2 protein chains.
Amino acid sequence: MKLNIDPDSSVPIYIQIEDRIHSMIAAGQLQPGEQLPTIRELAADIRVNLNTVARAYIELDREGVISTQRGRGTFVSDVPNKKQRERKRQKLLQSIVENALEETHHLGYSAEEIKKAFAEQLSKLPEKREEKLS
Amino acid sequence: MKLNIDPDSSVPIYIQIEDRIHSMIAAGQLQPGEQLPTIRELAADIRVNLNTVARAYIELDREGVISTQRGRGTFVSDVPNKKQRERKRQKLLQSIVENALEETHHLGYSAEEIKKAFAEQLSKLPEKREEKLS
DNA sequence: GGGAATGTAATAAATAACTATTACAATAGG
DNA sequence: CCTATTGTAATAGTTATTTATTACATTCCC
């Protein structure tokens with residue numbers, strides 16, 4: 001579980017956890033039925049209080065995307081069918097790309113510039129597996 | 001001045017203001033010498049307390065990107081030369097695209113998928129000038 | 001049954017962000 | 001000089017996030 005949590009970010013840690021798990025499920029990196037790290041495990045892992053992780057899990061449980069069972073653990077919920085999962089996976093990708101393009105466009109960059117920047121960055125992708133976001 | 005501030009975001013409003021102004025300057029939408037909205041104007045505009053805008057302006061002033069003068073107003077600082085500005089403009093674009101690609105890649109999307117999603121979104125760009133970010 | 005591991009809960013304290021309010025200081029313009 | 005407009009400042013109060021601590025409830029396994 002590499003959550004990439006940033007404790008110095010201004011977005012609350014429990015929200016970051018929710019977002020990451022949401023994304024990982026949508027992207028298929030967490031499969032239905034799979035067990036998530038223990039609250040205490042994850043808390044120790046990202047150096048955060050137990051309550052903070054618990055809060056994230058509780059919210060995700062309320063939404064139905066995970067299922068927490070005291071004494072047993074926490075598991076990714078089952079999801080209707082493959083088509084829906086695939087649709088969500090596509091939607092997630094689209095929204096990430098779309099938001100980035102909206103931002104560049106809003107700032108007045110031309111389609112040409114954007115296209116070029118994208119092509120450059122994409123060509124670098126394979127060599128950049130483990131790099132961190134600033 | 002369309003700052004696109006989201007009062008419900010978990011990132012602090014004064015940080016959002018700083019970020020937007022940074023970006024607009026880097027992108028060339030705010031020119032050196034240009035006057036920024038009054039603290040009270042901007043506060044009223046985005047429905048926020050005067051202190052919140054003041055805080056953002058003070059920080060930006062400390063960084064030197066704007067120059068605040070009591071009794072007169074706030075202005076975009078002069079910047080060394082055109083080449084440096086153009087370099088910053090390029091860097092901003094790169095970082096936006098790069099961050100988005102990092103995220104998709106981190107979530108396991110293939111270069112093919114990403115490329116396709118990007119091409120689709122880019123083709124829609126021209127018709128989406130005034131759309132808001134969710 | 002007993003113990004270890006799990007999630008759940010409650011309380012208190014610290015910090016940060018934001019608001020509201022009021023006042024002050026410098027500049028521009030009549 | 002007077003007044004309006006600008007940025008600056010200080011105080012107090014509210015809310016949200018996070019931590020620390022302690023305890024409880026359920027499940028599993030021996």
Side-chain angles (χ1 to χ4, degrees), chain A residues 1 3-22 25 30 32-78, chain B residues 1 3-22 25 30 32-78:
Chain A
M1 278 286 280
L3 284 216
N4 262 66
I5 299 301
D6 177 8
D8 296 328
S9 165
S10 51
V11 10
I13 297 170
Y14 79 96
I15 299 275
Q16 290 184 54
I17 297 173
E18 289 179 43
D19 287 346
R20 294 303 294 165
I21 292 179
H22 265 136
I25 291 177
L30 284 175
E34 190 173 343
Q35 179 166 18
L36 293 169
T38 292
I39 280 180
R40 288 173 178 81
E41 269 178 16
L42 186 50
D45 186 12
I46 62 183
R47 311 294 191 77
V48 130
N49 191 271
L50 178 158
N51 297 317
T52 305
V53 178
R55 182 168 180 181
Y57 276 21
I58 286 170
E59 299 248 340
L60 289 166
D61 182 277
R62 280 213 193 92
E63 298 173 26
V65 306
I66 68 178
S67 162
T68 66
Q69 297 160 34
R70 81 163 61 177
R72 299 197 58 239
T74 307
F75 306 86
V76 177
S77 295
D78 285 338
Chain B
M1 277 287 280
L3 284 215
N4 261 63
I5 298 302
D6 177 7
D8 296 328
S9 165
S10 51
V11 11
I13 296 170
Y14 78 96
I15 298 275
Q16 291 185 54
I17 297 174
E18 289 180 43
D19 287 346
R20 294 304 293 169
I21 292 179
H22 266 135
I25 291 177
L30 283 175
E34 190 172 342
Q35 178 165 19
L36 292 169
T38 292
I39 281 182
R40 288 174 176 81
E41 268 177 17
L42 186 49
D45 185 12
I46 63 184
R47 310 296 191 76
V48 131
N49 191 272
L50 178 157
N51 297 317
T52 305
V53 177
R55 183 168 179 182
Y57 276 20
I58 286 170
E59 298 251 339
L60 289 166
D61 181 277
R62 281 215 192 92
E63 297 173 26
V65 305
I66 67 179
S67 162
T68 64
Q69 296 160 33
R70 80 163 62 177
R72 298 197 58 242
T74 307
F75 306 85
V76 178
S77 293
D78 285 339

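Quick caveat, the model's predicted, so the values are computed rather than measured. Keep in mind that the numbers below use all heavy atoms, side chains included, and drop hydrogens, waters and symmetry copies.
Taking CG of A:Leu60 as the start and CZ of A:Arg55 as the end, the distance is 12.0 Å to the nearest 0.5 Å. Note: B:Ile46 CD1 to B:Ile13 CD1 = 6.5 Å, rounded to the nearest 0.5 Å. To the nearest 0.5 Å, the span separating CD1 on B:Ile21 from CG on B:Leu3 amounts to 6.0 Å. Annotation: the span from B:Glu18 atom CD to B:Ile66 atom CD1 amounts to 9.0 Å, rounded to 0.5 Å. Separating the OG atom in A:Ser9 from the CD1 atom in A:Ile15 is a distance of 10.5 Å, to the nearest 0.5 Å. In this structure, the separation between CD1 on B:Ile5 and CD on B:Gln16 is 5.0 Å, given to the nearest 0.5 Å.
Residues B:Val65 and B:Val76 fail the side-chain proximity criterion, which asks for heavy atoms closer than 4.5 Å.
When rounded to the nearest whole Å, the span between CG of A:Leu42 and C1' of C:dT6 equals 14 Å. Between A:Arg62 atom CZ and C:dT8 atom P the separation is 10 Å, expressed in whole Å.
Taken residue by residue, residues 67-74 of chain A places heavy atoms nearer than 4.0 Å to DNA chain D at A:Arg70, A:Gly71, A:Arg72. Residues from residues 45-53 of chain B with heavy atoms under 4.0 angstrom of DNA chain C, sorted by number: B:Val48, B:Asn49, B:Asn51, B:Thr52.
The span of DNA chain D lying next to chain A, judged by atoms under 4.0 Å from heavy atoms, is bounded 5' to 3' by D:dT17 to D:dC28.
Of the residues near DNA chain D, A:Arg40 and A:Gln16, the one whose nearest nucleotide (by heavy atom distance) lies more toward the 5' end is A:Gln16.
A:Asp19 meets the side chain to side chain donor-acceptor pair (under 3.5 Å) test with no other residue; sequence neighbours excluded. Partners of B:Pro37 under the side chain to side chain contact (heavy atoms under 4.5 Å, CB included) rule, at least two apart in sequence or in another chain, are B:Met1, B:Glu41, B:Leu42, B:Tyr57.
With hydrogens and angles disregarded, no donor-acceptor distance shorter than 3.5 Å links the side chain of B:Thr74 to the backbone of B:Leu36.
For residues 61-70 of chain B, the pairs satisfying side-chain hydrogen bond (donor to acceptor under 3.5 Å, both in side chains) are B:His22-B:Glu63, B:Asp61-B:Thr68, B:Ser67-B:Gln69, B:Gln69-B:Arg72, with sequence neighbours left out.
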Find every protein N or O atom lying less than 3.5 Å from an N or O atom of nucleotides 15-17 of chain C, and list the pairs.
residue	atom	partner	partner atom	Å
C:dA17	OP1	B:Tyr14	OH	3.3
C:dA17	OP2	B:Arg55	NH2	3.0

Under 3.5 Å donor-acceptor pairs involving side-chain atoms of residues 47-54 of chain B, not counting sequence neighbours:
residue	atom	partner	partner atom	Å
B:Asn49	OD1	B:Asn51	N	2.9
B:Asn49	OD1	B:Asn51	ND2	3.0

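Listed here is the closest heavy atom pair of B:Tyr14 and B:Ala56: O-CB, 3.5 Å.
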